[in-house]
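Worksheet: one structure, shown below.
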Amino acid sequence: MKSFQVKGSPQIGLIMATFGFFIGFAAVSLYGPVAKNLKEILGLSGFLLGLLIAAPNLTGSLLRIPFAAWVDKVGGKIPLATLLMLSVIGMGGLSALLYLYYPNLEPWMYWLILFFGFLSGCGIATFSVGIAQTAYWFPESKQGFALGVYAGVGNLAPGIFGMILPFALKGIGLTTSYILWFGFLLVGTVIYVIFAKDAPYFQLIKAGVPREEAIKKAKELGQELIPTGSLIESLKNSARHIETWALVALYFVSFGGFLALTGWFIVFWVQSYDMEVRHAGLLMAFGFSLLASVIRIFGGWISDKIGGELVSIIAFCMVLVGAVVIMLGGNTNFSISFAGEILMGAGMGIANGAVFKLVPKYVPHATGGAAGWVGGLGAFGGFVVPPILGLFVEAHGILGYSKGFVVYVMLSTVAILISAVLWKAYGKEINKPIEE
């Protein structure tokens, strides 16, 4: 037992967590690029269309809670691999359905497509698992940057897939495109299972090293955060902190918004400006999804310097202004609408980095549980908002696509107020964990 050697390094841990998240998170773009096709074939209402686009985000959000807390018990590899395998099953089922029946889909198949969307969305839940897995590999002073890289690179997946899929649909057809996506996910899952490593503490525990000795050795190897070791206790411990619920609210707006609008912006551009889905995918990717993903790295880095609370205030102000601008653009001024999309993408990306910088700061002894609550309930916004946006379309027609952004005017205003309260209470303590 004494001769056991810990495998891997913080760098390898970060790379594999990011890779696993990247291949699973692509499911955010599962139905956005084909929404118009499915709407016409199945005769969907605005609400059902929004529900379909949001479907992967339901399991992708709620499963984050138990799976992220599971990290505190067994490390990140098993939970993340499990989620990827469930996603593989969902993509396999969807690919088979499309292969057998598309384009002759029956109305009742909507519910089957919805179900496969729920399963495929399990890959989205890898986010909170990887957050905790990464946080355990890195010391507090480097977590902002490491988590920013993890989330920023992983978050590129929806934008990349949302950009590529419309071109693939036109070039090789819908069925072949999804079969190739299934193959990518399957191969990626195998690679993750082979090469991913847990942080030192979890490797030592699995090797039979007593807990106290494992804690000592893990700290000698640079691991600062040590879990409670209990899934239920991790959730309970983190739930006792009012700060956890404040972060849930902030993440509902920023990351929930990112999930919701990554799928919705494609529909927005196609319907509001009668745009080809390929061009709409490019606008969504470069003006929102990829921008939000890349700038999230900056959000984590600047939060290390001046504090996540202050960064959140600035970022949500950008989201507020962007939503107002899109409403003003309506469906007649492309330049104004695109400027609003860019402002919202940048603001949500920066806010995402800032919020998760605060998770280990506020709840250092139950980071996995806190990441589960924040990542899970926060990301639930990705499921809740699209059907609401669909209701605006039903009520106002084409103009409803821009008028619906009043939802984000209200949500970002609330987020600014919450961030201001946190800044007043903890803003001066930039990197210091909050005492229980």
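Positions are given from 1, in the same order as the sequence printed here.
- Taking the side chain as every heavy atom from C-beta outward, Thr189 and Phe184 never approach each other to under 4.5 Å.
- For the 3.5 Å distance criterion, the side chains of Tyr136 and Glu224 fail to qualify, holding no donor opposite an acceptor.
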Check against ring pair (Phe, Tyr, Trp, His ring centres under 6.0 Å), Phe380 and Phe383
CA-CA 5 Å; Phe380 193 55; Phe383 176 74; 5.8 Å; yes
Start with the C-alpha distance between Phe268 and Trp264, add both sets of side-chain angles, then the distance that settles ring pair (Phe, Tyr, Trp, His ring centres under 6.0 Å), and finish with yes or no.
CA-CA 6 Å; Phe268 171 83; Trp264 190 256; 8.6 Å; no
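- Proximity of a side-chain donor or acceptor of Asp304 to a complementary backbone N or O of Phe145 within less than 3.5 Å is detected.
- Checking side-chain atoms of Ser412 against main-chain N and O of Val409 turns up a donor-acceptor pair under 3.5 Å.
- Side-chain contact check for Tyr362 versus Leu422: some heavy-atom pair is nearer than 4.5 Å.
- Looking at heavy atoms from C-beta onward, Tyr201 lies out of side-chain contact with Lys219 at the 4.5 angstrom threshold.
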Scan the side chains in residues 310-327 for donor-acceptor partners under 3.5 Å anywhere in the protein, sequence neighbours excluded, and list what turns up.
unit_1	atom_1	unit_2	atom_2	d
Ser312	OG	Gly308	O	2.9

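- With Gln203 contributing its side chain and Lys7 its backbone, the two residues share a donor-acceptor pair below 3.5 Å.
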Does Trp181 form a ring pair (Phe, Tyr, Trp, His ring centres under 6.0 Å) with Tyr178? I'd like the steps, not just the answer.
CA-CA 5 Å; Trp181 189 342; Tyr178 277 90; 5.7 Å; yes
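- Aromatic ring orientation, Phe265 versus Trp269: parallel (interplanar angle below 30°, classes split at 30° and 60°).
- The backbone N or O of Gly60 lies less than 3.5 Å from no partner atom in the side chain of Asn57, so there is not a single donor-acceptor pair.
- By the 30° and 60° cut-offs, the orientation of the rings of Phe67 relative to Trp70 is perpendicular.
- Aromatic ring pairs are classed by plane angle as parallel below 30°, tilted from 30° to 60° and perpendicular above 60°; the pair Phe255 and Phe127 is parallel.
- Aromatic pair Phe115/Tyr110: ring centres not closer than 6.0 Å.
- Thr244 and Trp373 share no donor-acceptor pair across their side chains, judged by distance under 3.5 Å alone.
- Formation of a donor-acceptor pair under 3.5 Å by the Ser293 side chain with backbone atoms of Val153 is not found in this model.
- Looking only at distances, no side-chain donor or acceptor of Trp137 sits under 3.5 Å from a matching main-chain atom of Ser9.
- Here the side chain of Gln223 pairs a donor or acceptor atom with the backbone of Leu225 at under 3.5 angstrom.
- Residue pairs meeting the salt bridge (charged side-chain N to carboxylate O under 4.0 Å, His left out) criterion with at least one partner in residues 257-277, sequence neighbours excluded, are Glu276-Arg278.
- Taking the six-membered ring for Trp and thresholds of 30 and 60 degrees, Phe21 and Phe25 have ring planes inclined between 30 and 60 degrees apart.
- Using modelled atom types, no side-chain atom of Lys77 and backbone atom of Lys197 make a donor-acceptor pair closer than 3.5 Å.
- Checked against salt bridge (Lys or Arg N to Asp or Glu O under 4.0 Å), Lys206 has the following partners two or more places apart in sequence or in another chain: Asp198.
- A salt bridge links Lys361 to Glu309: at least one charged side-chain nitrogen sits closer than 4.0 Å to a carboxylate oxygen.
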